[in-house]
Protein chains: 2
Amino acid sequence: MAAFHALIRAHARVVRMLEAELETEQGLSLPAYEVLAHLSEAPDRRRRMTELASFAILTPSGLTRLVDKLVRDGLVERQRCGTDARVVYAALTDAGFARLVAAYPTHLRGVRTHLIDRLAPEQLDAIAEALGPFTDDPLAHDAVPPGDCL
Amino acid sequence: MAAFHALIRAHARVVRMLEAELETEQGLSLPAYEVLAHLSEAPDRRRRMTELASFAILTPSGLTRLVDKLVRDGLVERQRCGTDARVVYAALTDAGFARLVAAYPTHLRGVRTHLIDRLAPEQLDAIAEALGPFTDDPLAHDAVPPGDCL
DNA sequence: CCGGAATACTTGCGCTCGCAACCTTCTTGG
DNA sequence: CCAAGAAGGTTGCGAGCGCAAGTATTCCGG
């Protein structure tokens, strides 16, 4: 139970500081940064909305609105799928990638100063190992043909 | 960095499930539960707003609104301090305590099934030890005379 | 080939909450 | 004793986001 309390309080503090820095220095919210970063690592720099949502911290509806905003800002664009008209891809634009690159140092520095520097390396490993499995649950990575859409 | 991602994702998942259960079964949000629980452990079952906020996951303004709601629901009441007219205490009412007692099993079960049962005991210890220090920072527990108010 | 179930996303609605500004009440230096 | 500033809470405002319902498309049993 102590672990639970530590988890939610540490999360609140670290995230609050990161968000403040990222917002004032780069004009990006943390969820927005996470989405951009995740897209940048994806093949063709794009992902289906559902993938993005299950990976991300957001519900589908939250993701839709966030992507709306990113599209308005010209950082991502929506692409439709040729073989299944239901699915939508969010694709990183060049401007979005540039924005991500610009924001990366701020984010990295924040994570360092607020989290990494305050823990021993073996503690970081322990956290990653213990909490990592919570990430993978939802989708068992079904084989979705990646290149079947324009 | 893996630790950071694991932290925010695990937090999102665990908290989302807990909130859903607590809300549907007991009609309490997780922050509300946390405030009630913290008050129940305090001397005279009351705390200053500032203490509550720095301990809690909320900013002062967020806490004000949450306490507003809890007062409307009759679960806490505001008390003024005789020696310093600026400070406000939030005090747990009997109804609030009863509500907390009723909600306790739901919360405990949730934390168990969604967090504790999924980790080894030594992992829980590691998390508590690593993330615990983040909780204590903000206030160094200055000596505030506890009994100086009605 | 067709109608119902399932899937992928989107929107209406409402609540929560953070920031900045504000008011009130102590405290402190002159 | 009286400003000037600090400290404790509260509010105006607006952004973010979850839930449930809605729309569009695909899948599947008969």
Side-chain angles (χ1 to χ4, degrees), chain A residues 8 12-13 15-24 27-35 46-73 76 78-90 138-139 142 144-145 148-149, chain B residues 12-13 15-24 27-35 47-73 76 78-90 138-139 142 144-145 148-149:
Chain A
I8 60 177
R13 276 171 201 284
V15 166
R16 186 118 53 229
M17 301 209 228
L18 286 179
E19 286 228 82
E21 294 170 0
L22 206 56
E23 189 74 52
T24 62
L28 282 176
S29 71
L30 186 56
Y33 179 90
E34 292 282 329
V35 165
R46 68 181 190 181
R47 288 275 198 211
R48 297 175 44 164
M49 296 292 281
T50 306
E51 284 179 283
L52 222 42
S54 77
F55 155 90
I57 298 134
L58 295 167
T59 59
S61 79
L63 181 65
T64 290
R65 296 171 204 282
L66 176 54
V67 170
D68 285 346
K69 176 182 164 58
L70 292 174
V71 168
R72 280 198 303 276
D73 294 347
V76 312
R78 282 189 163 94
Q79 296 176 351
R80 304 212 67 104
C81 174
T83 61
D84 187 337
R86 292 171 302 179
V87 321
V88 174
Y89 284 84
L139 290 183
D142 335 51
V144 177
D148 64 341
C149 292
Chain B
R13 275 169 202 283
V15 166
R16 187 118 52 228
M17 302 210 227
L18 285 178
E19 285 228 82
E21 295 170 359
L22 206 56
E23 189 74 51
T24 63
L28 283 177
S29 71
L30 185 56
Y33 179 90
E34 292 281 329
V35 165
R47 288 276 199 209
R48 296 176 44 166
M49 296 293 280
T50 305
E51 284 180 282
L52 223 41
S54 76
F55 155 90
I57 299 134
L58 295 167
T59 60
S61 80
L63 181 65
T64 291
R65 296 173 204 281
L66 176 54
V67 169
D68 285 346
K69 176 181 164 60
L70 293 174
V71 168
R72 281 199 302 277
D73 295 347
V76 311
R78 285 182 212 264
Q79 297 175 351
R80 304 212 68 102
C81 173
T83 61
D84 187 338
R86 292 172 303 179
V87 320
V88 174
Y89 283 85
L139 290 183
D142 335 50
V144 178
D148 63 342
C149 293

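Here is the naming used below: chain letters follow the sequence lines, and residue numbers restart at 1 for every chain.
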| message | Quick one: does any side-chain atom of Arg16(B) pair with a main-chain N or O of Ile57(A) as donor and acceptor, under 3.5 Å? | response | yes
To the nearest 0.5 Å, atom CG of Leu63(A) lies from atom CG of Leu70(A) at 9.0 Å
When rounded to the nearest 0.5 Å, the distance separating OH of Tyr33(A) from CD of Glu19(A) is 13.5 Å
Nucleotide [N], atom [atom2] - distance to [atom1] of [X] in whole Å:
X        : N       : atom1 : atom2 : value
Glu21(B) : dG18(D) : CD    : C1'   : 16 Å
Leu63(B) : dT10(D) : CG    : P     : 8 Å
Leu30(B) : dT16(C) : CG    : C1'   : 13 Å
Arg16(B) : dC17(D) : CZ    : P     : 10 Å
Leu58(A) : dT10(C) : CG    : P     : 13 Å
Leu70(A) : dG16(D) : CG    : C1'   : 13 Å
Arg47(A) : dA8(C)  : CZ    : P     : 15 Å
Glu19(B) : dC15(C) : CD    : P     : 16 Å

(Q) On the nucleotide dT10(D), are OP1 or OP2 found under 4.0 Å from the side-chain N or O atoms that Arg65(B) carries? (A) no
(Q) Does this structure show an ion pair linking Asp73(A) with Lys69(A), if we count only N-O contacts that are shorter than 4.0 Å? (A) yes
Original post:
Between the base of dC19(C) and the side chain of Ser61(B), is there any donor-acceptor pair under 3.5 Å?
Top reply: yes
When Ala20(B) and Arg78(B) are each assigned the nearest nucleotide of DNA chain D, the 5'-most assignment goes to Arg78(B)
Closest to the 5' end of DNA chain C, once Leu66(B) and Pro60(A) are matched to their nearest nucleotides, is Pro60(A)
Residues at least two apart in sequence or cross-chain that pass side-chain contact (heavy atoms from CB on, under 4.5 Å) with Glu23(A), listed by chain then number, are Ser29(A)
Testing dG18(C), dT10(D), dT10(C) for proximity to the side chain of Thr64(A), the answer is dT10(C)
Of the listed dT10(C), dT10(D), dC19(C), the closest approach to the Thr59(B) side chain comes from dC19(C)
Between protein and nucleic acid, restricted to nucleotides 24-28 of chain C and to nitrogen or oxygen atoms under 3.5 Å apart, what atom pairs and distances do you find?
| residue | atom | partner | partner atom | Å |
| --- | --- | --- | --- | --- |
| dC26(C) | OP1 | Asp84(B) | OD1 | 3.4 |
| dC26(C) | OP1 | Ala85(B) | N | 2.6 |

Ala90(B) and Met49(B) have their tightest heavy-atom pair at CB-SD, 4.3 Å
Closest non-hydrogen atoms of Leu58(A) and Pro31(A), given as atom of the first, atom of the second and distance, are CD1-CB, 4.4 Å
